[in-house]
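Just so it is clear, the structure is predicted and the values come from calculations on it, not from any experiment. Both ligands and their constituent atoms are indexed starting at 1 by order of listing.
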Amino acid sequence: MDSPQIVNRLEQKGVKPTANRILVYRLLQDAGQPVNLTEMEERLGTLDKSSIFRVIQLFAKKDVVHSFIDGRGIVNYELCHHTDTCHHGNDHIHFYCETCHQSFCIENIHVPMVTMPSGYSMRDVSFVVKGECPNCAQRHSS
Ligand SMILES: [Zn+2]
Ligand SMILES: [Zn+2]
Ligand SMILES: [Zn+2]
């Protein structure tokens, strides 16, 4: 996706496409897997953490990104690929590798349906499986 498409996507979500916002969007897109704030700061040498945080907070509010807590308790962000209404409760699960500390999207497994007792209103569900990713597992065996 090049800049005009990113601009379109942001406008679709009701976000004014500023230069910083396009930069952050492109980073998430190029990453191809969930990233946390520190990783974003490392990759975007030109933007400081508070600027990135402001962009990402707006993205989360406008459903440009989804967030979830990884196996260390750190918030990870990834792009929302929904075009219409977003059903976060029906989203995919994530895998956290305890060896390389990366998070992966397991797109073909959905978060199991949970029904809460009355009185509890559910806003979001996240489902993280911890363990070792294929890359790290391979490193041990060879
Ligand atoms: Zn979404
Ligand atoms: Zn790993
Ligand atoms: Zn994901």
Side-chain angles (χ1 to χ4, degrees), residues 1-117 120-142:
M1 214 191 275
D2 50 19
S3 294
Q5 283 169 295
I6 295 176
V7 167
N8 273 343
R9 181 71 176 159
L10 289 177
E11 283 173 346
Q12 255 175 33
K13 295 282 191 179
V15 174
K16 201 168 148 248
T18 65
N20 283 1
R21 291 170 189 168
I22 293 171
L23 268 178
V24 173
Y25 192 99
R26 190 190 296 282
L27 174 131
L28 285 163
Q29 181 181 264
D30 291 345
Q33 73 185 70
V35 284
N36 63 46
L37 207 55
T38 311
E39 289 164 344
M40 282 190 238
E41 194 191 12
E42 281 165 9
R43 293 182 204 187
L44 285 174
T46 50
L47 276 184
D48 63 50
K49 204 169 193 159
S50 62
S51 309
I52 301 171
F53 190 60
R54 275 200 302 275
V55 172
I56 212 75
Q57 270 185 315
L58 176 77
F59 278 8
K61 200 172 130 200
K62 297 287 192 177
D63 193 44
V64 175
V65 296
H66 293 170
S67 65
F68 65 95
I69 312 281
D70 72 14
R72 287 170 294 181
I74 294 175
V75 187
N76 276 245
Y77 302 93
E78 64 185 338
L79 292 178
C80 167
H81 297 292
H82 303 98
T83 41
D84 305 319
T85 328
C86 189
H87 302 287
H88 289 216
N90 190 26
D91 219 341
H92 59 271
I93 70 165
H94 290 100
F95 185 88
Y96 174 74
C97 176
E98 291 174 308
T99 308
C100 65
H101 306 293
Q102 295 198 68
S103 298
F104 301 88
C105 295
I106 311 295
E107 303 275 4
N108 54 354
I109 303 180
H110 283 203
V111 173
M113 261 318 248
V114 283
T115 315
M116 296 304 291
Y120 295 87
S121 76
M122 185 163 68
R123 189 176 52 80
D124 203 359
V125 192
S126 75
F127 194 99
V128 178
V129 179
K130 287 195 247 180
E132 194 166 55
C133 75
N135 289 340
C136 293
Q138 206 170 20
R139 221 166 289 154
H140 287 307
S141 61
S142 59

Exam field: side chain E39 to backbone N36, donor-acceptor pair closer than 3.5 Å: yes
E78 backbone or side-chain N/O/S under 2.8 Å from the Zn ion (ligand 3): yes
Polar side chain donor-acceptor pair, T18 to N20, under 3.5 angstrom: no
Angle subtended at the Zn ion (ligand 1) by NE2 of H66 and SG of C80, nearest 10°: 100°
Stepwise side-chain contact (heavy atoms from CB on, under 4.5 Å) check, I56 with F53: CA-CA 5 Å; I56 212 75; F53 190 60; 4.0 Å; yes
For the student: nearest non-hydrogen atoms of P17 and V7, plus distance: CG-CG1, 3.7 Å
Nearest-0.5 Å distance that lies between atom CG in N76 and atom CE in M40: 8.0 Å
Atom NZ of K61 with >12 non-hydrogen neighbours under 6.0 angstrom: no
2.8 Å cut-off met by an N, O or S atom of D63 to the Zn ion (ligand 1): yes
Cut-off under 2.8 Å, centre the Zn ion (ligand 2), protein N/O/S atoms: C97 SG, C100 SG, C133 SG, C136 SG
Flag, side chain of R21 to backbone of K16, donor-acceptor distance under 3.5 Å: yes
Q57 versus R54, side-chain donor and acceptor atoms under 3.5 Å: no
Euclidean distance, E78 CD relative to S67 OG, rounded to 0.5 Å: 9.0 Å
H81 N/O/S atom closer than 2.8 Å to the Zn ion (ligand 1): no
Opening angle between SG in C105 and NE2 in H92, taken at the Zn ion (ligand 3), to 10 degrees: 120°
Which atom of H94 approaches the Zn ion (ligand 3) most closely (N/O/S): NE2
